[in-house]
Amino acid sequence: MKIDLLGKQWMDIVFEGRNKSYGAYLLRKENSKTNLRALAIGAIVFSLAVASPIILEFISSVTATTDEGLHDRITTVKLPPKEEKPKEDLKPPPPPKPREDVVKFVKPVVAKKEEVTEEPPKVEDIKDKNLGKENIEGDKDAALTVDPPGNGPPQDVVDDNTIYDSAGIEVQPGFIGGMSKWYKFLSNNFTPPDEPGLKGKVTVSFVVEKDGSLTDIKVLKDIGYGSGREAERVMRKSPKWTPAEQNGRKVRCAFIQTFSIENPDE
């Protein structure tokens with residue numbers, strides 16, 4: 001008797017008394033179906049691979065035919081020229097300015113007397129003339145035209161709150177009456193600490209505002225014993241200064257004042 005190893009009878013004998021839900025039994029049972037399915041898929045893939053050149057050639061021919069039809073249907077249409085509306089209320093151009101006398105400018109060069117080939121113009125000749133590369137005579141019969149006065153370029157007025165340095169300001173701030181009166185004011189109002197042998201300098205920075213008042217008073221260097229507080233008190237007591245100016249406008253300006261203290265030893 002011939003036994004089919006792939007048949008169901010042989011499988012029942014082999015897996016008799018065993019767990020048939022195990023994967024090996026299911027794989028053997030479905031083996032014939034799996035082989036047929038794989039054979040069908042392989043045949044389909046092989047057929048597509050063989051027929052792909054023919055399919056691509058067919059698609060290319062159809063696309064080319066469609067493109068040729070599109071090109072045949074495109075025609076050139078000449079549009080009529082666009083009508084331009086006449087411009088209305090155009091102001092006539094201003095008359096050309098009369099030609100002015102121009103005197104050739106000769107650069108001064110140090111040369112020997114016998115090598116001078118061209119005399120430079122005299123000051124009287126070029127006082128009322130323009131200087132150029134060559135001499136040009138103006139039109140004496142030209143009509144005199146004067147442009148109407150204007151307001152000049154618009155200038156935006158911006159509130160400048162920048163604090164400028166007193167070293168680079170155009171007009172420095174100052175105490176009313178001069179700096180000698182300022183030093184006299186400090187000498188009369190500053191009381192040094194009552195500490196024998198105290199010696200040093202107290203440095204205070206402040207800002208002279210646009211109205212001349214002193215603000216932002218800060219003690220930069222202090223030698224102790226209340227000397228910094230005393231210097232700050234005197235600065236706050238100061239009258240108004242004349243403010244600094246930059247480009248013709250009043251601006252804020254930083255300033256530094258130093259107090260020298262030297263108490264005698266007991």
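Residues P196 and N263 form no side-chain contact, since every pair of their non-hydrogen atoms from C-beta on lies 4.5 Å or further apart. The side-chain heavy atoms of F175 and P239, taken from C-beta on, include a pair separated by under 4.5 Å. Looking at heavy atoms from C-beta onward, S227 lies in side-chain contact with D222 at the 4.5 angstrom threshold. Residues L214 and V208 meet the side-chain proximity criterion, which asks for heavy atoms closer than 4.5 Å. In this structure the side chain of Q246 never reaches within 4.5 angstrom of the side chain of T162, judged on heavy atoms. Side-chain contact between V204 and I217: present, with at least one pair of heavy atoms (C-beta onward) separated by less than 4.5 Å. Residues Y164 and E245 form no side-chain contact, since every pair of their non-hydrogen atoms from C-beta on lies 4.5 Å or further apart.
F46 and I55 end up in different hydrophobic clusters when Ile, Leu, Val, Met, Phe, Trp and Tyr side chains are linked at under 4.5 Å. In the hydrophobic cluster analysis, where Ile, Leu, Val, Met, Phe, Trp and Tyr join through side-chain heavy atoms closer than 4.5 angstrom, V50 is grouped apart from V45. Linking ILVMFWY residues whenever their side-chain heavy atoms come closer than 4.5 Å, directly or via other members, places M179 and F190 in the same cluster.
For F255, the CZ atom is densely surrounded, since the number of other residues' heavy atoms within 6.0 Å is greater than 12. The environment of K210 atom NZ is dense: over 12 non-hydrogen atoms of other residues, nucleotides or ligands sit within 6.0 angstrom.
Between E170 and N247, the shortest heavy-atom distance links the atoms OE1-N, 2.9 Å. Counting all heavy atoms, side chain and backbone alike, I176 lies closest to W241 at CG1-C, 4.4 Å. Contact detail for S238 and F185: the closest heavy-atom pair is CA-CZ, 3.6 Å. Heavy atoms only, all atoms of each residue included: G228 and V219 are closest at O-CG2, 3.5 Å. For P193 against G226, the heavy-atom pair with the smallest separation is CG-C, 4.4 Å. The two residues P192 and I261 have their closest heavy-atom pair at CB-CG2, 4.1 Å.
In this structure, the side chain of S187 does not engage the main chain of Y183 through any donor-acceptor pair within 3.5 Å. At least one donor-acceptor pair closer than 3.5 Å links the side chain of D211 to the backbone N or O of S213. Of the possible donor and acceptor atoms, none in the side chain of S166 sits under 3.5 Å from a partner among the backbone N and O of Q172. Looking only at distances, no side-chain donor or acceptor of N189 sits under 3.5 Å from a matching main-chain atom of V234.
Distance check, rounded to the nearest 0.5 Å: CG of L186 to NZ of K237 gives 11.0 Å. The distance from the CG atom of L220 to the OG1 atom of T258 is 9.0 Å, given to the nearest 0.5 Å. Summarising the geometry, atom CG belonging to L198 is positioned 4.0 Å from atom CD1 belonging to I223; distances are rounded to the nearest 0.5 Å.
By the side chain to side chain contact (heavy atoms under 4.5 Å, CB included) test, I163 is found to be paired with V207, R252, A254, residues two or more places apart in sequence or in another chain being considered. Every residue meeting the side chain to side chain contact (heavy atoms under 4.5 Å, CB included) condition with N188, not counting sequence neighbours, appears here in chain and number order: K184.
Taking the six-membered ring for Trp and thresholds of 30 and 60 degrees, W182 and F206 have ring planes inclined between 30 and 60 degrees apart.
Under the 4.0 Å criterion applied to side-chain N and carboxylate O atoms, E230 and R233 are assigned as salt-bridge partners.
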